[in-house]
4 protein chains.
Amino acid sequence: MSFNTFGRVFRFTSWGESHGPALGAVVDGCPPGLALSEADIQPFLDKRRPGQSRFTTQRQEPDQVRILSGVFEGRTTGTPISLMIENVDQRSKDYSEVARAYRPGHADYAYDAKYGFRDYRGGGRSSARETAARVAAGAVARLAIPEVSILAWVSEIGGDAVDPARFDPREIDRNPFFCPDPQAAIRWEKLVDDARKSGSSLGAVIECECSGVPAGWGAPLYAKLDSELAAAMMSINAVKGIEIGDGFAAARLTGEQNADPMRPGNDGPTFLANHAGGIAGGISTGQPVRLRVAFKPTSSILTPVETIDRDGAAAEIRTKGRHDPCVGIRGVPVVEAMAALVLADQKLLHRAQCGS
Amino acid sequence: MSFNTFGRVFRFTSWGESHGPALGAVVDGCPPGLALSEADIQPFLDKRRPGQSRFTTQRQEPDQVRILSGVFEGRTTGTPISLMIENVDQRSKDYSEVARAYRPGHADYAYDAKYGFRDYRGGGRSSARETAARVAAGAVARLAIPEVSILAWVSEIGGDAVDPARFDPREIDRNPFFCPDPQAAIRWEKLVDDARKSGSSLGAVIECECSGVPAGWGAPLYAKLDSELAAAMMSINAVKGIEIGDGFAAARLTGEQNADPMRPGNDGPTFLANHAGGIAGGISTGQPVRLRVAFKPTSSILTPVETIDRDGAAAEIRTKGRHDPCVGIRGVPVVEAMAALVLADQKLLHRAQCGS
Amino acid sequence: MSFNTFGRVFRFTSWGESHGPALGAVVDGCPPGLALSEADIQPFLDKRRPGQSRFTTQRQEPDQVRILSGVFEGRTTGTPISLMIENVDQRSKDYSEVARAYRPGHADYAYDAKYGFRDYRGGGRSSARETAARVAAGAVARLAIPEVSILAWVSEIGGDAVDPARFDPREIDRNPFFCPDPQAAIRWEKLVDDARKSGSSLGAVIECECSGVPAGWGAPLYAKLDSELAAAMMSINAVKGIEIGDGFAAARLTGEQNADPMRPGNDGPTFLANHAGGIAGGISTGQPVRLRVAFKPTSSILTPVETIDRDGAAAEIRTKGRHDPCVGIRGVPVVEAMAALVLADQKLLHRAQCGS
Amino acid sequence: MSFNTFGRVFRFTSWGESHGPALGAVVDGCPPGLALSEADIQPFLDKRRPGQSRFTTQRQEPDQVRILSGVFEGRTTGTPISLMIENVDQRSKDYSEVARAYRPGHADYAYDAKYGFRDYRGGGRSSARETAARVAAGAVARLAIPEVSILAWVSEIGGDAVDPARFDPREIDRNPFFCPDPQAAIRWEKLVDDARKSGSSLGAVIECECSGVPAGWGAPLYAKLDSELAAAMMSINAVKGIEIGDGFAAARLTGEQNADPMRPGNDGPTFLANHAGGIAGGISTGQPVRLRVAFKPTSSILTPVETIDRDGAAAEIRTKGRHDPCVGIRGVPVVEAMAALVLADQKLLHRAQCGS
């Protein structure tokens with residue numbers, strides 16, 4: 001990928017800042033003839049949308065997507081699909097403090113160091129608002145991989161994890177935390193509320209499972225399926241870690257414990273375990289692709305933090321304004337979108353070389 | 001990246017199989033005028049070389065590198081640098097069993113599923129031998145980033161971690177485990193010996209620190225420095241997880257705990273912590289870039305494992321032959337090489353856009 | 001490049017169809033800190049705009065560009081610059097005939113063969129309207145190469161060439177043909193008028209000179225400067241040929257005649273000739289970069305042409321509606337834009353590898 | 001493409017200099033299961049090989065290719081195919097003059113300007129010897145497009161063209177000029193002999209026809225089939241011009257004259273003409289793909305030419321040693337190879353997006 005384009009054959013290019021007039025993505029290389037309308041994209045944007053509960057930022061954005069090209073008579077034409085989402089609620093506020101001083105944990109200082117200056121309004125390009133473009137592009141990618149179903153959820157907030165024994169996929173959309181464990185959801189309500197009220201923030205872990213991925217997707221050695229997924233997830237704001245299958249836990253297993261034995265099955269092998277997370281040698285094995293993503297706590301907190309200003313002088317900053325007490329929560333549709341984008345690209349790459 | 005090429009501006013293309021006549025890499029986009037000879041590359045290959053202790057595979061490979069192009073009168077010319085390493089010790093053995101049955105945890109089944117057949121000798125293209133090409137290319141990359149020093153070590157084997165209080169970088173090359181803690185090295189000796197003798201295997205965690213990276217490297221949003229590092233590390237054989245800075249631990253911290261406050265410094269800010277691992281918004285901050293990589297236990301074990309053969313019939317396989325009881329150990333020079341390759345590419349990308 | 005993205009470091013992605021709501025481009029990798037506003041782009045779009053004389057299509061398009069991202073306080077931020085141009089005059093007409101039958105010389109049949117169906121309104125994605133996106137992106141590229149000045153003109157229409165002896169750059173913008181020879185401009189007026197009235201069309205040759213290109217730009221061997229220019233020009237609608245320097249004429253010269261001797265100069269060599277068109281070995285020599293581009297006659301003509309319909313049955317088609325009697329004329333700003341885009345990319349690529 | 005890699009999905013990376021130990025190419029993305037051995041490549045290298053007649057350079061190179069990876073049991077595995085050709089006849093000569101002074105028309109000055117210094121032995125990387133790597137890679141590409149047959153020939157030398165009425169494909173391999181017109185071949189013998197004896201050189205035009213290309217290959221808008229072919233051909237040493245179909249001649253036709261009318265055919269349309277050269281809108285139409293390539297006269301001539309040396313002082317140079325009096329002649333297998341490489345890549349790209 002390069003700069004603001006992701007993918008090789010199924011590619012998307014994202015653009016836009018937090019407080020610009022709009023943001024969007026151009027999806028290129030999409031197979032022709034797929035039924036596509038705004039209605040196929042909007043539900044995923046709605047799932048990501050802010051302001052839907054007191055547990056996320058109160059910024060109000062309708063996030064209505066418009067398809068500006070690449071679709072004719074309801075079907076993709078094979079030409080670039082331009083998606084645009086207008087920014088509506090750029091509350092006029094005083095940005096002089098953020099313009100002057102660097103918020104620790106944010107990209108403020110790094111952007112200035114790289115580009116010499118920055119669009120400081122709401123984080124500019126490094127704002128999580130850009131993920132709306134990913135989610136929109138991801139919705140298109142899903143249409144290119146109908147054989148695959150992708151499901152992500154929050155498995156941990158502030159160190160409090162769900163109980164695998166109580167995992168129920170139907171619960172995920174029944175609470176504001178995308179939590180598959182109703183009891184954890186109740187605990188998290190207090191946890192996140194306390195963080196919000198005290199002006200603090202929490203980290204989270206998101207898990208994602210992609211089922212229906214046939215064996216054979218992946219482009220070894222430098223576009224391996226797991227390598228691509230790692231790059232995709234690590235490109236999401238606030239992500240600091242990624243695991244495929246058992247991830248770091250696998251480093252504590254023996255070879256026997258970590259093996260995924262195979263037995264004859266009806267269609268390909270039946271695996272007796274999935275420590276590998278559905279990927280071996282960078283290629284899908286036909287098992288569900290499993291991954292985990294770590295989100296750091298939101299860097300914007302009310303507690304004053306020591307910092308410096310643009311002139312290098314000592315300063316102190318407390319980030320006022322609207323923020324997610326746990327930015328990881330809204331990462332769920334983003335993780336799903338990035339997984340869909342990687343899989344669509346890998347499907348097409350595989351078809352290019354291997355013909356099916 | 002695509003297939004077997006890694007990088008955008010500073011790129012390398014790797015080729016070769018475990019049991020072919022040779023393997024190698026073509027390094028392209030390298031700045032001209034850098035002093036380069038085989039002697040600059042060989043030490044890194046020697047560090048990775050097998051058969052140096054009883055804790056690694058007994059395959060004997062001199063891994064002598066030859067520079068076939070791109071260097072004139074001892075300096076890089078700016079044209080492609082072709083590096084070749086001949087395979088010497090491809091012990092003639094009977095591969096009929098591996099050819100017939102799939103080794104769980106290996107890429108055998110996935111390669112067959114993708115390509116229809118595979119070079120089964122020693123794992124073919126998916127063999128860890130390919131990492132020799134990475135290490136050679138990485139040695140060239142280091143020359144392009146003299147401002148950076150890269151150091152990796154094994155921080156954990158089979159769940160037994162080093163004691164940070166006893167961390168001593170000088171110890172790393174004094175034991176066969178690249179272990180910075182002499183006491184852990186002693187414990188690991190027994191640990192790995194037991195695994196080797198019992199035909200089992202162990203996983204490991206490698207840590208890497210890159211100091212001297214100036215603030216400003218990184219190509220947001222889809223070639224962020226951390227995203228690139230994640231892709232690079234996840235492309236290494238047996239790697240299942242990657243963390244930047246505190247990684248998954250950050251998901252358990254509050255915003256206050258995770259902040260990296262800044263104070264005025266002589267040259268840029270002085271950071272009071274480095275939870276972020278030297279990267280914010282995908283761009284280096286000038287702090288040391290820190291990452292952790294999880295290696296699964298070697299999949300080749302003597303214990304028989306249930307599997308299927310090429311015809312889908314039930315089978316059982318135990319991997320005889322020469323193997324690393326803990327493949328992660330030899331991952332140290334590979335992790336360093338991949339870090340160097342990412343940083344060299346990002347340095348050039350930054351220079352392209354921002355002019356310095 | 002791939003699909004709808006052009007360039008490596010300075011890249012742009014174009015989107016949009018002739019009769020969609022809008023078209024545009026996302027410019028990525030642009031250096032930060034460049035002064036940019038719509039006013040820097042509009043003049044180039046105006047130059048290309050249709051309906052300005054009876055010698056071009058009568059479609060009326062204001063072609064007003066909007067900058068949607070990547071600019072803050074009047075300067076480029078280094079993040080993607082999204083440019084949008086709305087389609088206004090999509091005259092509602094009956095497209096049933098074009099939808100049914102294939103227009104020879106147009107992309108109709110090829111698009112159906114590739115994608116299975118097509119957006120037939122005004123040529124859809126293959127319409128020359130897409131060149132507006134190139135011109136807008138090219139205007140941004142010019143800002144990245146202030147050292148270069150690019151000038152293109154029409155040197156031949158329908159086989160009637162300008163007289164080099166009468167070449168006067170100031171004339172180019174004084175007539176509707178971008179013709180540097182006032183007498184040729186008078187002849188062309190009748191020539192193009194006759195073609196227009198008779199429902200026929202004419203081809204043209206455009207010449208372009210880029211001065212100020214320093215020696216050293218170009219990425220041998222597969223992104224050579226001339227190779228890039230050839231790809232860029234051949235990607236323009238209706239282009240069928242490209243020459244660098246003397247082009248095909250050089251194939252009729254001897255080595256002595258074709259030599260470009262050098263003499264000591266104040267700043268680099270003084271060349272006694274420029275048969276090479278300023279490029280040797282794919283790298284700029286510091287001489288003006290000279291190229292010629294051949295445009296075929298507009299395929300849309302009133303004369304009925306034998307063809308087939310979507311069912312493969314015999315048909316006859318005459319293209320009614322608004323068309324350029326000589327599409328090459330409006331190619332001038334497009335050729336300039338593509339040259340600027342190639343040079344900006346090569347400047348950045350050179351800086352990446354060679355550091356200046 | 002970038003630097004020394006060509007292609008998107010079917011890619012090759014070339015390396016090596018005129019006087020290095022070897023040169024080669026790594027072919028990546030090749031479909032698996034294709035029968036491949038050195039014997040499939042050697043004939044094409046033999047066709048290009050120097051020293052086969054007095055009309056080409058007397059350098060003696062066996063140009064024996066070795067396959068170092070990517071093939072197992074006689075079939076491509078889908079992993080990178082490394083091809084190596086050793087340089088044998090690097091006649092030890094005195095290069096001090098070339099090292100000191102710049103040969104006009106050669107890349108000498110441009111390479112110094114770009115890289116600061118250069119490998120001056122036999123032109124280093126800019127030597128036509130590199131085309132051996134292209135020819136080897138092209139031979140592999142042909143296997144990926146069995147449906148296509150590619151034929152190139154010399155149609156003009158020093159302005160003396162073949163007579164289309166006497167075109168006979170069987171003649172092409174019966175004379176040292178790849179000339180399809182036996183009478184022209186006789187004339188060229190004297191023409192080239194005279195040039196050789198007088199230490200002069202001649203230019204040439206090569207034509208190429210690719211039949212069997214199905215309708216639908218091509219990746220609009222910036223990887224159009226004609227755009228790709230133009231880039232590929234212009235990247236060949238000494239090429240200064242490229243035409244698709246009628247090329248520049250089309251610029252002198254009217255719309256009626258240039259039309260390619262269609263009639264119902266058994267399998268797709270029957271075209272009544274092929275002015276377009278088999279490409280419309282950047283996509284193949286199913287007609288033969290026709291192109292013409294202009295080669296300048298060899299820049300190395302015995303006549304002394306005015307130039308400057310590395311210090312910028314006036315100098316004079318006459319290129320002694322072994323040279324092709326008409327470098328275009330040996331361009332025939334190179335043009336064929338580049339056409340094959342473009343078509344293989346476009347076939348795979350098409351399959352990726354459109355599924356067949």
Side-chain angles (χ1 to χ4, degrees), chain C residues 1-4 6 8 104-105 107 110 113-114 126 159 200-201 203-205 215-216 219 221-224 226-227 230-231 234-235 240-245 247-248 250-256 258-262 264 269 280-281 283 285 294 296-298 301 303 305-308 312 314, chain D residues 1-4 6 8 104-105 107 110 113-114 126 159 200-201 203-205 215-216 219 221-224 226-227 230-231 234-235 240-245 247-248 250-256 258-262 264 269 280-281 283 285 294 296-298 301 303 305-308 312 314:
Chain C
M1 333 308 176
S2 191
F3 295 111
N4 295 281
F6 185 89
R8 281 163 199 62
K114 183 176 187 66
S126 66
S200 180
S201 64
V205 175
L221 289 175
Y222 298 107
K224 285 175 168 175
D226 39 5
S227 176
M234 198 64 88
S235 75
K240 303 301 288 185
I242 163 84
E243 296 182 311
I244 302 293
F248 279 84
R252 281 131 209 165
L253 300 177
T254 64
E256 302 83 74
N258 189 58
D260 294 328
M262 293 181 258
I283 303 170
T285 61
K296 69 177 182 181
T298 317
I301 50 176
T303 324
V305 184
E306 202 174 346
T307 187
I308 62 171
Chain D
M1 334 306 176
S2 191
F3 295 110
N4 294 280
F6 186 89
R8 281 162 200 65
K114 183 176 187 65
S126 65
S200 181
S201 64
V205 174
L221 290 174
Y222 298 106
K224 286 175 168 176
D226 38 7
S227 176
M234 197 64 88
S235 76
K240 302 302 288 184
I242 163 84
E243 296 182 312
I244 302 292
F248 279 84
R252 282 131 209 166
L253 300 177
T254 65
E256 303 83 76
N258 190 57
D260 294 328
M262 293 181 259
I283 303 170
T285 62
K296 69 177 182 180
T298 316
I301 50 176
T303 324
V305 185
E306 201 173 347
T307 186
I308 62 172

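Per chain, numbering begins at 1; letters A, B, ... match sequence-line order.
- Both the backbone and the side chain of D:I242 come within less than 4.5 Å of a heavy atom in chain C.
- In terms of non-hydrogen atom pairs under 4.5 Å with chain C, the most contact-rich of D:S235, D:G203, D:P104 is D:S235.
- Residues C:A251 and D:A294 come closest through the heavy atom pair CB-CB, 4.4 Å.
- In this structure, the portions of D:K296 lying under 4.5 Å from any heavy atom of chain C include both its backbone and its side chain.
- With a 4.5 Å cut-off on non-hydrogen atoms, D:T303 touches chain C through its side chain but not through its backbone.
- Most heavy-atom pairs under 4.5 Å with chain D: of the set C:A204, C:P264, C:G245, this distinction falls to C:P264.
- In this structure, D:G241 and C:F248 approach most closely via the heavy-atom pair C-CE1, 3.6 Å.
- The minimum heavy-atom distance linking D:I244 with C:M234 is given by the pair CG1-CE, 3.7 Å.
- Heavy-atom distances place the backbone of D:D260, and not its side chain, under 4.5 Å from chain C.
- Interface summary for chain C: among D:A113, D:P269, D:A280, the most heavy-atom pairs under 4.5 angstrom belong to D:P269.
- C:K240 contributes atom NZ, which lies 11.5 Å from atom CG of D:L253 (distance to the nearest 0.5 angstrom).
- At least one donor-acceptor pair closer than 3.5 Å links the side chain of C:S227 to the backbone N or O of D:A231.
- Within the 4.5 Å cutoff, no side-chain heavy atoms of C:P297 are placed close to those of D:T254.
- Of all non-hydrogen atoms in D:G281 and C:A107, the two that sit nearest each other are CA-CB, 3.7 Å.
- The most heavy-atom pairs under 4.5 Å with chain C, out of D:G105, D:S200, D:A259, come from D:S200.
- Across D:I308, D:I283, D:L221, D:T307, the residue that shares the most heavy-atom pairs under 4.5 angstrom with chain C is D:L221.
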